[in-house]
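Predicted model only: the values in this text are computed from it and were never measured. Order of appearance sets the numbers: ligands from 1, and atoms from 1 within every ligand.
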Amino acid sequence: MFSDNLIHAIKFKNNPTVVGLDPRIENIPEFIKKAAFNKYGNNTKGISEAIYYFNKGIVDAVFDVVPAVKIQIAFYEIYGADGIEAFYKTAEYAKEKGLIVIADVKRGDIADVAEMYSKAYLQNPSIDAITINPYMGEDTITPYIRDVLEYDKGLFILVKTSNAGSGTIQNLKTVSGTVYENVAYMVDKISKLAEGSLGYSSIGAVVGATYKEEAKILRKIMPSAIFLVPGYGAQGATAEDVINCFDENNLGAIVNSSRKVIFAYKSQYWKDVYSEYEFAQAARAEVLLMMGMINNAFLKRRYIAC
Ligand SMILES: O=c1ccn([C@@H]2O[C@H](COP(=O)(O)O)[C@@H](O)[C@H]2O)c(=O)[nH]1
């Protein structure tokens, strides 16, 4: 089952971090762009080849230390069919390297249309899980639930997102709590349908790392949901901020970092250590640092509790 596989991978690697493959062409090393553009031209094909080559380097550098990658489809869609090809080639490559592949597609539409989106991703052998937007209502997520069970895949439902403006809608108060709490109650109910042998569900929630207090509330409302936690690093959240997303066993969450990891070679911290030719080693160093920070935060939490 998806949730069992994810929990096993997190335990095996002792690492709950996920590398986000959100390639921005302007940040990809010049030597990669030069090679791809010389071969295919500075067009959607050349850019998509550069992206794929870059992603491959990142995957090769981190596959043994992280359980999963999250691929944000927007960075591929922008390059049309060539970009989509790079998206699927990246997913296939990551899968070949034994990684769990999360496609961050944030779909949401009426049920008839959702059925198409659901099949498009959840039937694909290279994709293990997707993100969806539930804000059109419970009926719109039913097709995904069916496919999660049929194809043994995972689902991460947006509950409380990491962006600064998420409160304008998600924090609105209703007679039964905030909007995001109500969505969490719905996710909790649905997640019971897909619980694995380790007590975690293949139907999880997206909870932003940038909302520490909300995460504490949400952890209680959805005890068996695995949280996909974006917002670490580039959006400002730290290991201390994500700790509330984890349960008392230090499980139940995976923390994503995209820009901060994949473009680490350009950062203030690593730029004097790694050259652009060593972009992948820099990403590995950043991810190991993140892993260390989160594992330290677990120790600190236990120490304080004693
Ligand atoms: O609430 C959300 C949901 C998804 N995301 C996605 O996570 C990454 C964040 O990238 P960083 O570079 O680490 O900031 C990106 O793919 C978003 O689409 C999110 O940020 N917040």
Side-chain angles (χ1 to χ4, degrees), residues 16-28 51 54-55 58 62 66 68-78 83 86-87 90-91 94 100-108 121 127 129-135 141 154-171 178-180 183-184 187 204-215 218 222 225-239 241-242 244-245 253-270 279 282-283 286-287 289-291 293-294:
T17 74
V18 174
V19 172
L21 297 171
D22 296 13
R24 287 162 170 81
I25 191 66
E26 64 277 16
N27 289 343
I28 290 184
I51 285 175
F54 174 77
N55 286 348
I58 300 283
V62 301
V66 297
V69 287
K70 180 176 84 61
I71 316 177
Q72 167 54 262
I73 200 161
F75 292 95
Y76 305 82
E77 273 181 3
I78 188 171
F87 171 85
T90 299
I100 288 171
V101 176
I102 302 167
D104 193 352
V105 295
K106 295 190 187 67
R107 299 298 152 169
Y121 296 107
I127 290 170
I130 59 169
T131 54
I132 61 161
N133 187 336
Y135 281 88
I141 59 182
L155 200 60
F156 292 99
I157 304 175
L158 298 186
V159 173
K160 173 66 187 161
T161 58
S162 67
N163 53 308
S166 71
T168 53
I169 293 173
Q170 295 160 18
N171 286 27
T178 60
V179 168
Y180 76 79
V183 175
V187 171
V206 174
V207 177
T210 43
Y211 294 105
K212 197 178 172 180
E213 292 312 313
E214 287 85 342
L218 292 171
M222 301 176 284
I226 299 176
F227 290 6
L228 169 61
V229 185
Y232 186 99
Q235 294 179 47
T238 64
D241 296 321
V242 299
N244 291 342
C245 293
I254 41 172
V255 184
N256 177 81
S257 181
S258 305
R259 282 166 285 180
K260 191 90 191 283
V261 170
I262 65 176
F263 302 125
Y265 82 99
K266 286 179 91 84
S267 73
Q268 277 301 107
Y269 194 71
W270 297 113
F279 70 96
E286 181 65 34
V287 97
L289 190 62
M290 179 177 169
M291 167 187 172
M293 301 265 197
I294 294 175

Could you find the nearest protein heavy atom to atom 9 (C) of ligand 1 and give me its residue, atom name and distance? Gln235 NE2, 3.4 Å
Treating Gln170 as the side-chain partner and Thr161 as the backbone partner, does any N or O pair qualify as donor plus acceptor under 3.5 Å? yes
Any atoms of ligand 1 less than 4.0 Å from a non-hydrogen atom of Thr161? List them with their elements. 1 (O)
Which residue owns the protein heavy atom closest to atom 2 (C) of ligand 1, what's the atom, and how far is it? Pro230 CG, 3.3 Å
Can you confirm whether the side chains of Thr131 and Asp104 place a donor and an acceptor under 3.5 Å from each other? yes
Ligand 1 atoms in contact with Asp104 (distance to a heavy atom under 4.0 Å): 4 (C), 6 (C), 16 (O), 18 (O)
Looking at atom 17 (C) of ligand 1, what's its closest protein heavy atom, distance included? Gln72 NE2, 3.9 Å
Do me a favour and list the nearest non-hydrogen protein atom to atom 14 (O) of ligand 1 with residue, atom name and distance? Arg259 NH2, 2.7 Å
Please answer whether the main-chain N or O of Ser162 pairs with a side-chain N or O of Ser166 as donor and acceptor at a distance below 3.5 Å. no
Would you say that Val69 contacts Ile102 through its side chain, given a criterion of any heavy-atom pair below 4.5 Å between the two side chains? no
So, the side chain of Tyr269 versus the backbone of Ala264: is there a donor-acceptor pair under 3.5 Å, distance only? no
Does ligand 1 have a heavy atom under 4.0 Å from the side chain of Asn256, from its backbone, from both, or from neither? side chain
Return the orientation label for the Phe87 and Tyr76 ring planes: parallel under 30°, perpendicular over 60°, tilted otherwise. perpendicular
among protein heavy atoms, the one nearest atom 13 (O) of ligand 1 is Ser258 N, 2.9 Å
Determine whether any heavy atom of Asn163 lies closer than 4.0 Å to an atom of ligand 1. no
Protein contact to atom 7 (O) of ligand 1 [nearest heavy atom, distance to 0.1 Å]: Lys70 NZ, 3.3 Å
Looking only at protein heavy atoms, which one is nearest to atom 1 (O) of ligand 1, and what is the separation? Ser162 N, 2.8 Å
Quick check on contacts: which atoms of ligand 1 are under 4.0 angstrom from a heavy atom of Asp22? 8 (C), 10 (O), 15 (C), 16 (O)
N/O donor-acceptor pair under 3.5 Å between Asp241 side chain and Lys212 backbone: no
Nearest heavy-atom contact between Tyr135 and Asn133 is N-OD1, 3.0 Å
Does the N or O separation between Lys106 and ligand 1 drop below 3.5 Å for any pair? yes
Checking the side chain of Tyr232 only, and the main-chain atoms of Gly208 only, is there a donor and an acceptor separated by less than 3.5 Å? no
